[in-house]
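First the structure, then my questions, so here it is.
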Amino acid sequence: MDLKYTLWGKKISFPSDILAADISVLLFLIIGVGLLTYFKKWKWLWGWLTTTHHSKIGILYLTAGGAFFLRGGLDALIMRIQLALPENQFWVFQGEKYNEMMTTHGTTMIFFVAMPLLIGLMNVAVPLQIGARDLAFPYLNALSFWLFFAGGSLVNISFILGGSPTAGWTAYAPLALKEFSPGPGNDYYSLGLQIAGIGTLLTAINFLVTILNKRTKGMTLTRMPLFTWSTLVTSLLILFAFPALTVALLLLSFDRLFGTSFLSADAGNALIWQHLFWIFGHPEVYILILPAFGIFSDVISTFAKKKLFGYTSMVFAIVLIGFLGFMVWVHHMFTVGLGPASNAIFAISTMSIAVPTGIKVFNWLFTLKGGVIRFNTAMLYALSFIPTFVMGGVTGVMLAAAPADYQYHDSYFVVGHFHYVIVGGTILGIFSGLYYWWPKMFGFLLDEKRGKWQFWLFAIGFHLTFFPMHIMGLMGMPRRVYTYLEDSGLGTLNMISTIGAFLMGLSVLFFIYTVYWSCRNGTRDVTGDPWDGRTLEWAIPSPPQEYNFARRPFVRGVDAFWKEKMEGDGTFQPAEKLGPIHIPPSTVQPMILSGIFFMTAFGFIFDWNPVKIGGGILILGMLIWRSFTDKGGHFITAKEVAEREERKGGR
C-alpha cells in the first residue's frame with residue numbers, strides 16, 4: 001500500500017510503512033530534544049555520552065538494548081498480526097516486506113537485544129562482585145558500547161534507506177547474495193554485524209582481563225560468584241566464536257560488494273557459510289544462556305537464604321557447557337547431506353550437553369529444598385525459568401535426533417523450541433537480573449506489586465505465544481511463511497499465539513510503567529543491601545561511589561558478604577590502606593570513532609569511494625590521536641574518600 005503524490009507533474013510513490021517509520025522517528029527526536037531543552041539536561045546527557053565508568057556504560061547498554069527490544073518486539077507483533085488469520089493481508093506486510101520484518105526481528109533480538117542487555121548487567125555487577133574499581137580498560141569499554149550501538153543503528157536504519165535485509169537472521173547463501181537478494185539490505189546486515197561484533201569481541205577481552213587480573217585479595221577463582229564465573233566462560237566463548245562469524249561476514253561482503261564467488265552455488269560453496277555461521281551460532285546460544293544461568297544461581301541462592309548447592313559442580317557444568325558448545329554446530333545442518341556418520345556424531349555430542357545442563361537444574365532444585373524462600377519478582381522469574389527451560393531442552397533433544405530432525409527442520413516446531421530456550425532462558429534471566437540489581441544501579445527498588453503483575457503477564461503471554469508453535473510445526477506449518485490456507489486447521493493456534501504475543505507486549509509496557517512509578521514513589525535503598533545479599537556488591541552503598549570501594553575488601557570464602565555477616569558484624573577486613581584513588585577520564589573519542597565506522601559503512605554500501613577512503617583515513621587518524629591521549633583522569637584524595645564514605649555510610 002503506497003501513498004501516491006504528484007509533484008511538479010511527476011508521480012511519486014512512497015510506501016506507507018516507511019512513512020509511518022519516518023514520522024515515528026521524527027516525533028521521538030522532537031520529543032527528546034524538547035524534554036532535554038525544557039529540563040536543561042544537555043550537560044547531563046553529555047556526561048553520559050562521554051563516560052567510561054563501568055556502571056554507567058552498563059546502564060547505556062541496558063538503555064540501548066531496551067530501545068532495540070521495543071523495535072524488535074514491534075516487528076514480532078506485526079508478524080503475529082499478519083499470521084493471526086489465514087490468508088490475511090495486513091497492511092503491506094506480505095512477501096518481501098514480511099521477509100524484511102522477520103529478518104530484522106531475528107537479527108535485532110539476537111545481536112542487539114539479548115547480548116547488550118546481558119553485557120549491561122555484566123558491566124554493572126561483575127566489577128562489584130570481584131571487588132574491582134572498574135573494568136581493566138575503561139576506554140575500551142566505552143568504545144565497545146559505541147561500536148555495538150553503531151552496528152545496531154546501521155542494521156535498523158536500513159528500513160528507511162533502501163530496504164532491510166531479507167534473507168533471514170541466518171542470511172543463508174546463496175539466498176543472501178546479490179543474485180537472489182538485490183538491493184543494499186544484506187549489505188547493512190553484513191557491515192552492521194561486523195561493526196557490532198568488533199565491539200563485542202573487545203568487551204570479551206576486557207572482561208577476561210578484568211576477572212583474571214582485577215580480583216580483590218582473597219577472591220580466588222573458586223570463590224567467585226556464579227554470575228562472574230558465567231561471565232568468564234561467556235567471554236571465552238565470544239573470543240573463540242566471533243572470529244568465525246567475522247570470516248563468514250567478510251566472505252558475504254566480498255561476494256556482494258566486490259563480485260567474488262566464495263559462497264555462490266556454482267563457482268563457490270554455499271555450505272561454507274552454514275559451517276562458519278553455526279560454528280559461531282551454536283556457541284552463541286550459550287553466550288546468551290550462560291550469563292542467565294549465573295543470574296539465576298545468584299538470585300536463587302539469595303532468596304532461598306542458602307548457599308548454592310554443589311558450587312564446584314555448578315562451575316564445572318558451566319565450563320563443560322562452554323566446551324561442548326563448540327562441538328555441536330552440525331545439528332543445524334542435518335538435512336544438507338553430510339552423511340549418516342557425521343549426523344550420528346553430532347547428534348550424540350548434542351545430546352551430551354543435556355548432562356551438565358541437568359546438573360545445574362538439579363542443583364538449583366536442591367538449593368531451594370529446605371530454603372527460606374522469598375517469592376519476590378526476581379525470584380519468580382528465576383523459578384519460572386526452570387520448567388520453561390527444561391521444556392525447551394527436551395524439544396532440543398528431540399531435534400538432536402537426526403531422523404526426527406528431517407521432519408521438524410524448518411517447521412514452526414523449531415521456532416517454538418528456539419524461543420523456549422532464548423526467551424524462556426535469556427529474557428527471563430534479564431528481567432530477573434534487572435529486578436535484582438536495579439536498587440544497586442539506581443538506589444531505589446522496583447515496586448513488587450506492579451512487578452508481579454508484569455511477571456504474570458509476561459509468563460502467561462510467553463506460553464500462549466510459543467507453546468502452540470510446537471503443535472503448528474507438527475501439523476506441518478513451515479517457518480518463514482507469511483500466510484497459510486484456511487482449511488489447514490492452523491487458524492485457531494495462530495490466533496492464540498498472537499494473543500499471547502500482545503500479552504507479552506503489554507507486559508513490556510507495564511515494565512516501563514513500573515520503572516516510572518517506582519522512580520517517583522518506590523522504596524529507596526538506604527542500606528545498600530535490600531535483599532540481605534550474599535556477594536560483595538551488597539556490601540557498599542546504592543548506587544556505589546564512582547570508585548566502588550574506598551578500600552578493597554579482603555575475601556575469606558564463597559558468598560563473601562554472607563560469611564562476614566554470619567561470623568562478624570558484616571564488615572570486611574580491608575585489603576589495602578586508605579589512599580588516593582585514580583578515576584579514568586571521560587572522553588568523546590569512542591563515540592566519534594564509532595560514528596566514523598558508521599559513516600564509512602555507507603561508502604561500501606553505496607560504493608562511494610571518497611567516503612571509503614576518507615573514512616579509513618579518519619579511523620587511522622583517531623587511533624593515532626588516541627595513542628597521544630592515553631592518560632588523564634583525576635585523583636580523589638584519601639581525605640575526600642573518607643568524607644564521602646562517612647556521608648554515604650560505606651563499609
Side-chain angles (χ1 to χ4, degrees), residues 110 114 170 230 233 237 241 274 278-290 292-293 296 310 313-314 316-336 338-366 384-429 462-463 465-479:
I110 294 294
T170 55
S230 66
V233 176
L237 291 180
Q274 290 194 38
W278 290 119
I279 286 171
F280 150 80
H282 204 81
E284 168 71 3
V285 173
Y286 300 107
I287 289 168
L288 296 179
I289 202 62
L290 286 181
F293 285 174
F296 294 131
S313 63
M314 290 288 268
F316 174 76
I318 289 176
V319 175
L320 186 58
I321 288 171
F323 177 73
L324 292 175
F326 283 97
M327 300 183 179
V328 298
W329 79 89
V330 171
H331 71 220
H332 295 274
M333 303 169 60
F334 281 155
T335 60
V336 304
L338 294 179
S342 174
N343 286 356
I345 291 169
F346 282 93
I348 293 170
S349 64
T350 299
M351 293 178 188
S352 67
I353 294 188
V355 176
T357 306
I359 290 173
K360 301 185 75 60
V361 170
F362 281 109
N363 281 11
W364 288 321
L365 293 176
F366 283 125
S384 68
F385 155 80
I386 296 176
T388 301
F389 190 77
V390 168
M391 292 171 67
V394 168
T395 55
V397 174
M398 293 169 66
L399 288 162
D405 187 73
Y406 272 77
Q407 301 300 316
Y408 303 137
H409 196 80
D410 275 344
S411 75
Y412 254 73
F413 188 91
V414 175
V415 179
H417 156 73
F418 182 78
H419 284 84
Y420 258 78
V421 172
I422 299 301
V423 180
T426 303
I427 302 301
L428 291 183
F462 168 82
H463 290 287
T465 303
F466 299 115
F467 187 80
M469 291 183 181
H470 297 87
I471 304 172
M472 295 180 213
L474 295 176
M475 292 174 66
M477 183 172 177
R479 64 198 295 195

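Values in this document were obtained by computation on a predicted structure and should not be read as measured data.
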Q) How long is the span from the OG atom in Ser313 to the CG atom in Leu320, to the nearest 0.5 Å? A) 11.5 Å
Q | Those residues that, when tested against Phe326, pass ring-ring contact (aromatic ring centres under 6.0 Å, His included) (two or more places apart) | A | none
Q. What distance separates Leu288 CG from Ile422 CD1, expressed to the nearest 0.5 Å?
A.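 Going from the CG atom of Leu288 to the CD1 atom of Ile422 covers 5.0 Å.
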Q. Can you name the residues that form a side-chain hydrogen bond (donor to acceptor under 3.5 Å, both in side chains) with Tyr286, not counting sequence neighbours?
A.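 Here the qualifying residues are His282.
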Q: List the steps and the verdict of side-chain contact (heavy atoms from CB on, under 4.5 Å) for Phe418 and Phe466.
A: CA-CA 9 Å; Phe418 182 78; Phe466 299 115; over 6 Å; no
**Q.** Met314 vs Trp364 side-chain heavy atoms within contact, under 4.5 Å
**A.** yes
(Q) Does the plane of the ring in Phe296 sit parallel, tilted or perpendicular to the ring in Phe385? Use 30° and 60° as the thresholds. (A) parallel
Q) With sequence neighbours excluded, what pairs up with Ile471 under the side-chain contact (heavy atoms from CB on, under 4.5 Å) test? A) Phe467, Met475, Leu493
(Q) Parallel, tilted or perpendicular, judged at 30° and 60°: which one describes the rings of Tyr408 and Phe413? (A) parallel
Q) When rounded to the nearest 0.5 angstrom, what distance separates NE2 in His470 from NE2 in His419? A) 11.0 Å
Q) So how far is it from Lys360 NZ to Phe316 CZ, rounded to the nearest 0.5 Å? A)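 The distance works out to 11.5 Å.
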Q) Which pair of non-hydrogen atoms, one from Pro356 and one from Ala317, has the smallest distance, and what is that distance? A) O-CB, 3.5 Å
Q: Could you pull out all residues at least two apart from Ala347 that satisfy side-chain contact (heavy atoms from CB on, under 4.5 Å)?
A: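 Ala347 satisfies side-chain contact (heavy atoms from CB on, under 4.5 Å) with Phe334 only.
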Q) Which pairs, with at least one residue in residues 338-353 and sequence neighbours excluded, count as a side-chain hydrogen bond (donor to acceptor under 3.5 Å, both in side chains)? A) His331-Thr350
Table please: side-chain donor-acceptor pairs of residues 388-399 below 3.5 Å, with sequence neighbours left out.
| residue | atom | partner | partner atom | Å |
| --- | --- | --- | --- | --- |
| Thr388 | OG1 | Ser384 | O | 2.7 |
| Thr395 | OG1 | Met391 | O | 3.3 |
| Thr395 | OG1 | Gly392 | O | 2.8 |
| Thr395 | OG1 | His417 | ND1 | 3.0 |

(Q) With rounding to the nearest 0.5 angstrom, report the OH to CE distance, Tyr420 to Met469. (A) 10.0 Å
Q: Check Gly429 against Ala292 and note the closest heavy-atom contact, atom names and distance.
A: CA-CB, 4.2 Å
Q | Worked check of side-chain contact (heavy atoms from CB on, under 4.5 Å) between His332 and Thr170 | A | CA-CA 11 Å; His332 295 274; Thr170 55; over 6 Å; no
Q) How about Val233 and Phe323: do any of their side-chain heavy atoms sit closer than 4.5 Å? A) no
Q: Identify the heavy atoms of Thr426 and Ile289 that sit nearest to each other, and give their distance.
A: N-CD1, 3.7 Å
(Q) I want to check something: taking the side chain as every heavy atom from C-beta on, are Ile427 and Phe462 in contact at a cut-off of under 4.5 Å? (A)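 Not in contact.
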Q: Enter the distance from Phe293:CZ to Asn363:CG here, rounded to the nearest 0.5 Å.
A: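 Rounded to the nearest 0.5 Å, the CZ-CG separation comes to 12.0 Å.
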Q. Which heavy-atom pair separates Gly424 from Leu428 by the least distance, and what is that distance?
A. O-CD1, 3.1 Å
Q) Does the side chain of Leu365 come within less than 4.5 Å of Val361's, by heavy atoms? A) yes
